[in-house]
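Residues take their numbers from the sequence shown, with the count starting at 1. In listed order, ligands and their atoms are each counted from 1.
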Amino acid sequence: MKPLSAVILAAGQGTRMKSALPKVLHPVGGRPMIHWALESARCLDAEPIVLVVGYGAQQVRQAVGDEVLYALQEQQLGTAHATLQARPLLLGKTDAVLVLYGDMPALRIETLERLVGLHRQHRPALTMLTVVADDSMGFGRVVRDQAGRIRAVVEEAAATAEILALKELNCGVYCFDAAWLWERLPDVPMTPPKNEYYLTDMVGLAVQDGREVQALTIDDVREVQGINTRVHLARCERILRERINEELMLSGVTLVDPHTTYIESGVRVGQDTVIHPNTHLLGRTVVGRDCVIGPNAILRDTRVGDRCLVLASVLEEAILEDEVSIGPFGHLRPGAHLGRGVHMGNFGEVKNAYLAPGTKMGHFSYIGDAELGPDVNVGAGTVTCNYDGQRKHRTVIGQGAFIGSGTMLVAPVTIGRGAKIGAGSVVTRDIPDGVLAYGVPARVRRPVEGEASDPSDEKT
Ligand code: UD1
Ligand code: MG
C-alpha cells in the first residue's frame, strides 16, 4: 500500500467570482489557481491525486490533463460529500489521505509537509491544519476541551457567541487515516439549513470513536487565504508575489521597489542583479549575475547572461549572452539571440535572428530571420525585408560588415564579410566580401582589389 494519496476539492462554482471561467482556472502567480494545490500534492509524493470537479468539470479536465484522476460531484452538497466522491478511486489504496482545496494557492508546501509529518508521527484519525487569527475570515472555530484536545469544529453560521470568540480556526486542510476516513465518511449527517454534508463533522466522529484528533497550528493567515472573489484573487496574487520577491532578495538580488516588481515562480535571478520598478519577469525566464533590469522591462521565457543591461524593453523567448545591453524601447521576439557584448539601442526589433558577439544596432532597426556575424554595424533604420507576402526569407551578414543608415535588405540576400553598404540603399542581390555598394538597387561601386566587380554594375 502506498503511503499517501490526495483529494483536491474543486467542484464549487465560485459564484462570487462572477465569471464564465471556473474559479480554479483563474490565473494566480502566473498559473491557473488549481496548479498550486496539484503542485503541492505532487511534491508530497501523493499518489494517486484525485481532483473532485463539478462546475465546469469539462473545462477543468481539459486544462489539467490526465496526470490526475477525476471524481465528478454533480451537485455541490458540501465538503464531506465532495470528498466521498473520491472514495471509489482511493479505497484500500493508501495509508493516509490528504484533503485540500483547489482555491487556496498560497498554502506552503512546507506546511503540508509538516502536517503529513505530524500525522505519521502520531497516527491519529485525522490531523488538521488550524490557524490562530483575530479576523475569522468566516472560518469554522476549533473547539478544544480543558486538556487541549480537539472536540469539534463549529461553522460560523452555527456558532454561539462563546464559540465565535474562539481564535483558533479550521483551515480546511486535513490528513486522514485512510481506512478510518473511508469507513466513517458515509456516516457524516446532513446539516440544515443548507442540507450539506460537512467534512468538519469527521472531528466529532473521531471523538465518538475514541480516536485522537491532532492539529498543526500555524500563525501566518496569509497562507490560508482562500479565493472566493476577485478581491481575494488579487490578495493571493500579492501574497505569492511578496513571497517570491522576499526569497530573491534574501538570495542576493536587489529589488529597488518590490511592490512594483512582478516575478513569477519559475524565474531564476543571479546574485547582485538589480531589478528596477515595474519589471515583469515571467515564465521560465533566467537572469544571470550583475545585471541591471528595468525600469519598465518585460521578460518572458528569456535567458539573460551575466552583466547585461535591459532598460524599458520587451523580451520574449530570447537569449542574451553576457554583457548585452538593450533599450530603451527594444523588442526581442521569439528566436532572437544576441551574442556577447551586443548592443541594441532604442526602437530595435529582432526576431528569429542571431547577432554574433560585438554587433551593434543603435537605432530603430528591424532584423528578422537573419544571421549577423561578429562586429557588424547596423545603421539607423536598417530593415531586413524578410517577407514577400507569402514566405519568409533569410538575410546573412558577414563579419565586420557596415550597413549604412536606412538600408533595405531584400531577402533572401547575403552581405559579404567587411562589405560596406551606403546609406539609403535597397539591396536586392548578394554583395561580395569587402566591397562598397550603394544605390537603389544597390550596386558594387568599389571592388576590393583583385575581385571582379558586380556583373550587374552598369557603366555610366
Ligand atoms: C470550509 C470548512 C470550514 C473552514 C473553511 C476554510 C466545512 C463544512 N467547513 O468552509 O470549517 O474554516 O472551509 O476555508 O468544510 N467544495 C466542493 N464541493 C462542495 C463544497 C465545497 O468541491 O460541495 C470545495 C469548494 O470548491 C472549495 C472548498 O471545497 O474549494 C471549500 O468549500 P467552501 O464551501 O468554500 O467551504 P467553507 O464554507 O469555506
Ligand atoms: Mg461553503
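Against a heavy-atom cut-off of under 4.0 Å, Gly140 is close to the following atoms of ligand 1: 3 (C), 4 (C), 11 (O), 12 (O). In the vicinity of Thr79, heavy-atom distances shorter than 4.0 Å reach the ligand 1 atoms 7 (C), 8 (C), 15 (O), 20 (C), 21 (C), 29 (O), 32 (O). Close contacts between ligand 1 and Cys171 involve ligand atoms 6 (C), 14 (O) [criterion: under 4.0 Å to a heavy atom]. Near Leu77, the atoms of ligand 1 lying under 4.0 angstrom from a non-hydrogen atom of the residue are 23 (O). Residue Met104 approaches ligand 1 through these ligand atoms, each under 4.0 Å from one of its heavy atoms: 14 (O). Near Thr200, with a cut-off below 4.0 Å to any heavy atom, the atoms of ligand 1 are 7 (C), 8 (C), 9 (N), 11 (O), 15 (O). Counting atoms of ligand 1 from 1 in the listed order, those under 4.0 Å from a heavy atom of Asp103 are 27 (C), 30 (O).
Side-chain contact annotation: Ser5 with Glu47, donor-acceptor N/O pair under 3.5 Å absent. No side-chain N or O of His393 forms a donor-acceptor pair with one of Asp369 less than 3.5 Å apart. At a cut-off of 3.5 Å, with distance as the only test, a side-chain donor of Glu321 or His337 sits close to an acceptor on the other residue.
Using a 4.0 Å cut-off between a side-chain N of Lys or Arg and a carboxylate O of Asp or Glu, Arg222 and Glu242 qualify as a salt bridge. Ion pairing between a basic and an acidic side chain is recognised when a charged N comes within 4.0 Å of a carboxylate O; Glu67 and Arg42 show such pairing. With salt bridges taken as basic N to acidic carboxylate O contacts below 4.0 Å, one links Glu349 and Arg333.
Between Phe176 and Trp180, the ring planes are parallel. Angles under 30° get that label, and only those over 60° would be called perpendicular.
Between Gln73 and ligand 1, an N or O atom pair is found at a separation short of 3.5 Å. Among the atoms of Val153, none of the N or O lies under 3.5 angstrom from an N or O of ligand 1. The N/O atoms of Glu155, backbone and side chain alike, include one that comes under 3.5 Å of an N/O atom in ligand 1. For Leu199, no nitrogen or oxygen atom sits less than 3.5 Å from a nitrogen or oxygen atom of ligand 1, counting backbone and side chain alike. In terms of polar-atom proximity, defined here as any N/O pair under 3.5 Å, Gln75 makes no such contact with ligand 1.
In this structure, of Tyr55, Tyr101, Tyr197, Tyr198, the residue bringing a heavy atom nearest to atom 1 (C) of ligand 1 is Tyr101. Nearest to atom 23 (O) of ligand 1 by heavy atom, out of Gly102, Ala82, Gly78, is Gly78.
The proximity of Glu196 to ligand 1, defined as any non-hydrogen pair under 4.0 Å, does not occur for either the backbone or the side chain. Of all the heavy atoms of Ala80, none lies under 4.0 Å from any atom of ligand 1, so neither backbone nor side chain is involved. When non-hydrogen atoms are compared, ligand 1 lies under 4.0 Å from neither the backbone nor the side chain of Val24. Looking at His81 against ligand 1, nothing comes within 4.0 Å, counting heavy atoms.
Asn228 is linked by a side-chain hydrogen bond (donor to acceptor under 3.5 Å, both in side chains) to Lys23, counting only residues two or more places apart in sequence or in another chain. For Phe347, the ring-ring contact (aromatic ring centres under 6.0 Å, His included) partners two or more places apart in sequence, or in a different chain, are Phe329.
Of all non-hydrogen atoms in Asn170 and Phe139, the two that sit nearest each other are O-CD2, 3.2 Å.
Not one N or O on the side chain of Asp301 forms a donor-acceptor pair closer than 3.5 Å with the backbone of Thr285.
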